[in-house]
Amino acid sequence: MTPRRLLLSGRLGQPVAVALADLLPQVSVRVREHPDSDDVGWAQAYTGFMWPQVPGPVAFEWVHAMGAGVDDFVDHSSQIGLLTRTIGGMPERMGTFVLALLLDHAHHLTAYAEAQRRRQWRPLGPAPLPSRAVVLGTGQIASGIARALGLHGVHVTGVNRSGRLASDFDTVYPWRDIDAALDGCQVLISALPASPATKGIISDTVLGSLRETQFINVGRGSTVDLSALQSALTRGSVVQADLDVFEVEPLEAASWLWAHPQVRITPHVGALSTVDDVVEAIATTFAELARGVRPPLHVDLEGEG
C-alpha cells in the first residue's frame, strides 16, 4: 500500500506540505484548514491532529497523527486501514518539561515570582529533587520522562497494565499493584493515553494513597477524576498539581482549577510536535510502506481501543 494522495490539516499542515514536496515528489498533497467532503473523498491518506469533521462516510488507507496522542483517531478505527503517529523528539522534550516542573517546585521559583509581585524579600531554603517518582504508563513518552529524572538521581517506578519490564525504569508494577507502587511516592506523573479503560482511572483510590505528593499530568485530561483531585488537594495528600492536559481544551473559564492556589495550568505544551518530527515520521513511514514493511510507528488499534 503506497498512497499517492495525501490530505493535511492542522497548524503544521502548510509547512509540512512544503517540506514533503522535496522528499516525496511522487505524492500529491492537499492542505486544508477545514477539510470538506470533496477533500476527504480525494485523499487516500490523511494527517492532522484531529479527525476531519465532515458529513457522510470517511475512510483512509493510511492516517498519520501529527501528535503522539491518537485517541481522536482510535474512535474512527473502522475507517482507517493503518494508523501511525509522530514521536520524534517528544520523549526528550517531555522529560525536560517534567524536570522543569520539579526544579521549579524544589527551588520555589513560582513563590519567588509571587513575592516579587508583592515586593517581598523572602529567601526560602531549596528542597532536593524527589528521590522517588512514579510514572503511570511506560511507553515512549513515559520513558523519556524516566530518562530525564534518572539522570538527576531520581528512582523512577513505572506502572502499566501487565507489569512488563520497560527500559529506563528502575522498577515496574502492574496496575493491580498500584498501592504498592505508590508507597513512598513523592511525585506522581501520569503519561496515560485516553481510552475507555483509562477514563477517570486516576481516582480517589489512587490519589487517596498519596502523602504530600506533587501530581503532574502530561498524558490526557480524561484520565483524572477532578472531584477526586479536588478532595486530595483539600486534605493534603496532593500538595501541588501541575496540569498540562484537560478533557476539554481550552480549559473552560469557569473551571475551579484556574483559581486554586495549589494548581498550575499550562496549555498542553509539554511536548509540542515540530515540523521536523512530523515530516520525518511521514517520510519514513511512506518508505516503509513502499517496501511492504509494517512501520514501527504504527498504532495497534485493537490494543488502543
Side-chain angles (χ1 to χ4, degrees), residues 10-12 49 65-71 85-113 126-160 166-170 185-194 198 202 213-224 229 238-247 249-251 257-258 260 262-278 280-281:
R11 62 180 175 82
L12 300 182
F49 290 100
M66 285 188 177
V70 296
D71 36 291
R85 63 176 180 161
T86 303
I87 297 296
M90 282 188 277
E92 288 68 31
R93 290 196 290 276
M94 188 67 84
T96 301
F97 180 76
V98 170
L99 179 62
L101 294 175
L102 297 186
L103 289 169
D104 180 288
H105 189 67
H107 292 281
H108 314 295
L109 299 184
T110 299
Y112 288 143
L129 284 175
S131 60
R132 184 159 178 267
V134 175
V135 180
L136 304 179
T138 57
Q140 289 171 287
I141 300 297
S143 291
I145 297 169
R147 284 194 297 274
L149 300 190
L151 288 173
H152 288 78
V154 181
H155 182 284
V156 185
T157 295
V159 179
N160 58 30
S167 59
D168 303 307
F169 292 87
D170 295 293
C185 171
Q186 296 170 288
V187 56
L188 174 64
I189 304 155
S190 176
L192 293 172
T198 63
I202 303 173
T213 300
Q214 182 177 0
F215 172 61
I216 298 172
N217 188 16
V218 291
R220 281 294 184 265
S222 62
T223 63
V224 180
L229 177 60
V238 172
V239 295
Q240 170 77 29
D242 295 289
L243 308 176
D244 187 52
V245 289
F246 305 90
E247 188 163 13
E249 296 181 355
L251 179 64
L257 294 167
W258 287 108
H260 198 289
Q262 293 158 268
V263 174
R264 174 166 40 193
I265 292 169
T266 49
H268 203 149
V269 293
L272 292 173
S273 303
T274 67
V275 171
D276 288 344
D277 287 335
V278 177
E280 180 184 12

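When a residue number appears, it is its place in the shown sequence, counting from 1.
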According to side-chain contact (heavy atoms from CB on, under 4.5 Å), who are the partners of V245, at least two apart in sequence or on a separate chain? N217, E249, H268

What is the minimum heavy-atom distance between T223 and S190, and which atoms define it? OG1-OG, 4.1 Å

Roughly how far apart are F49 CZ and R11 CZ, rounded to 0.5 Å? 4.0 Å

Side-chain donor-acceptor pairs under 3.5 Å in residues 133-150, sequence neighbours left out?
| residue | atom | partner | partner atom | Å |
| --- | --- | --- | --- | --- |
| T138 | OG1 | N160 | ND2 | 3.0 |
| S143 | OG | G139 | O | 3.0 |
| R147 | NH1 | D168 | OD2 | 2.9 |
| R147 | NH2 | E92 | OE2 | 2.9 |

Is there side-chain contact between R264 and L101, with at least one heavy-atom pair below 4.5 Å? yes

To the closest 0.5 Å, what do you measure between CG (D242) and CG (D104)? 7.5 Å

My understanding is that only residues two or more places apart in sequence, or in another chain, count here; which of them pass salt bridge (charged side-chain N to carboxylate O under 4.0 Å, His left out) with D244? none

Would you call L12 and S273 a side-chain contact if the rule is heavy atoms closer than 4.5 Å? yes

So, using side-chain hydrogen bond (donor to acceptor under 3.5 Å, both in side chains) as the criterion, who are the partners of D71 when residues are at least two apart? R220

Rounded to the nearest 0.5 Å, what separation is found between the CG atom of L102 and the CD atom of Q240? 10.5 Å

Test item: Q262 side-chain N/O and V239 main-chain N/O as donor-acceptor pair under 3.5 Å: yes

Listed partners of R93 passing side-chain hydrogen bond (donor to acceptor under 3.5 Å, both in side chains), at least two apart: D277

Please identify each residue that fulfils side-chain contact (heavy atoms from CB on, under 4.5 Å) with H155, with sequence neighbours left out. R132, T157, D170, T171

As an exercise, state the distance from CG of L272 to CE of M94, rounded to the nearest 0.5 Å. 9.0 Å

